[in-house]
Amino acid sequence: MSEQTGATPQANDEELDAFWELARRHIEAGSVTAYTGETPLERLRPPAWAFGATPAQADQLLALVLAGTKTATAGAYWDYEASDEPLPEVGTLGIVLDGAAHPRALVVTTEVSVTPFDEVDEMHAFLEGEGDRTLRYWRDVHESFFRAYPEHDRGFAPDMPVVLERFDLLYAGE
């Protein structure tokens, strides 16, 4: 899914469970779950994935998330179709892995839209936090990425649909 790759490195289940338990405690610190009770869904560990398609990309993009610079991402809609994966939804949690498949961050999706590649705006490029944060940089890097790491067989097109996702960092692990 472009920046959220389907080629996620294999994470250790015990390490993910331990991370999720710490993150859950952190994000519930000010909640009202003691009053309303906990649902079984709150116990399920969110999916874990890495940004990019290589360990180096995963580490680089994760560093931007941890620094608060990267609060958005983009993926080729056609990749979601090809892998039969549902689009992200507002409120979805995700555990972000580093390039060695260690859990490092918990994020929540705050906004999702599908936009043609050539209509992605400067604000989205800025929020992705990469390079000089310009739309020109974003288009160059993402076109190269979409050409190099497709999960579909349609190639690249300037008007191809792109899934734009915004997220908040809820918890940063050690």
Could you walk me through whether Leu62 and Arg104 pass side-chain contact (heavy atoms from CB on, under 4.5 Å), step by step?
CA-CA 8 Å; Leu62 173 64; Arg104 297 290 310 282; 3.5 Å; yes
Pairing residues for Glu143 by the side-chain hydrogen bond (donor to acceptor under 3.5 Å, both in side chains) criterion, not counting sequence neighbours:
Arg147
Can you list the residues that meet the side-chain contact (heavy atoms from CB on, under 4.5 Å) rule with Pro116, with sequence neighbours excluded?
Asp118, Glu119
Partners meeting ring-ring contact (aromatic ring centres under 6.0 Å, His included) with Tyr77 (sequence neighbours left out):
none
So, for Ala50 and Leu97, which heavy atoms are closest and what is the spacing to 0.1 Å?
CB-O, 3.8 Å
Please enumerate all residues that pass side-chain contact (heavy atoms from CB on, under 4.5 Å) together with Asp13, with sequence neighbours excluded.
Leu16, Arg45
Side-chain donor or acceptor of Asn12 paired with backbone N/O of Glu14 under 3.5 Å:
yes
Check ring-ring contact (aromatic ring centres under 6.0 Å, His included) between Tyr137 and all other residues, then give those that pass, not counting sequence neighbours.
none
Any donor-acceptor pair under 3.5 Å linking the side chain of Thr92 with the backbone of Pro88?
no
Can the positive tip of Lys70 be found less than 6.0 Å from the middle of the six-membered ring of Phe51, inside 45° of the ring normal?
yes
With rounding to the nearest 0.5 angstrom, report the OG1 to CG distance, Thr71 to Leu64.
10.5 Å
Are any of the side-chain heavy atoms of Pro150 and Trp78 separated by less than 4.5 Å?
no
Going by salt bridge (charged side-chain N to carboxylate O under 4.0 Å, His left out), name the residues that satisfy it together with Arg154, two or more places apart in sequence or in a different chain.
Glu81
Could you state the interatomic distance from CZ (Arg24) to CG (Leu93), rounded to the nearest 0.5 Å?
11.0 Å
Using the rule that two of Ile, Leu, Val, Met, Phe, Trp, Tyr join whenever any of their side-chain heavy atoms come within less than 4.5 Å, decide whether Phe145 and Val114 are in one cluster.
yes
Is it the case that over 12 heavy atoms from other parts of the model lie below 6.0 angstrom from the CZ atom of Phe126?
no
Over all heavy atoms of both residues, which pair between Ala72 and Phe167 is shortest? Give the atoms and the distance, please.
N-CE2, 3.4 Å
Looking at CD1 of Ile95 and OH of Tyr171, how far apart are the two atoms once the value is rounded to the nearest 0.5 Å?
11.0 Å
List the atom of Ala74, the atom of Trp138, and the distance in Å for their closest heavy-atom pair.
CB-CZ2, 3.7 Å
Testing the basics here: between Trp49 and Gly94, what is the closest heavy-atom pair and its distance to 0.1 Å?
NE1-CA, 3.8 Å
Straight-line distance of Thr54 OG1 to Asp59 CG, nearest 0.5 Å
8.5 Å
Identify the heavy atoms of Phe146 and Ala76 that sit nearest to each other, and give their distance.
CE2-N, 3.7 Å
Starting from the C-alpha separation in whole Å, work towards a yes-or-no answer on side-chain contact (heavy atoms from CB on, under 4.5 Å) for Thr69 and Arg133.
CA-CA 10 Å; Thr69 307; Arg133 300 179 85 172; 3.7 Å; yes
Not counting sequence neighbours, which residues clear side-chain contact (heavy atoms from CB on, under 4.5 Å) with Glu122? List them please.
Leu135
Residues two or more places apart in sequence or in another chain: which of them pass side-chain hydrogen bond (donor to acceptor under 3.5 Å, both in side chains) with Asp84?
none
Side chain Gln60, main chain Ala56, donor-acceptor under 3.5 Å
no
Give the table of side-chain donor-acceptor pairs shorter than 3.5 Å for residues 106-113, with sequence neighbours excluded, one pair per line with atom names and distance.
| from | atom 1 | to | atom 2 | distance (Å) |
| --- | --- | --- | --- | --- |
| Thr109 | OG1 | Glu165 | OE2 | 2.5 |
| Thr110 | OG1 | Arg166 | O | 3.3 |

Crowding at CG, Asp153 (>12 non-hydrogen neighbours, <6.0 Å)
no
Rounded to the nearest 0.5 Å, the CD1 atom of Ile27 sits from the CG atom of Leu170 at a distance of 5.5 Å
Supply the atom-to-atom distance Thr73 OG1 to Leu61 CG, rounded to the nearest 0.5 angstrom.
7.5 Å
Which residues pass the side-chain contact (heavy atoms from CB on, under 4.5 Å) test with His102, not counting sequence neighbours?
Glu15, Asp98, Ala100
Could you pull out the closest heavy-atom pair between Leu66 and Ala172, with the gap in Å?
CD2-CB, 3.7 Å
Where do Tyr80 and Val163 land on the side-chain contact (heavy atoms from CB on, under 4.5 Å) test, with the steps shown first?
CA-CA 9 Å; Tyr80 284 91; Val163 179; 3.7 Å; yes
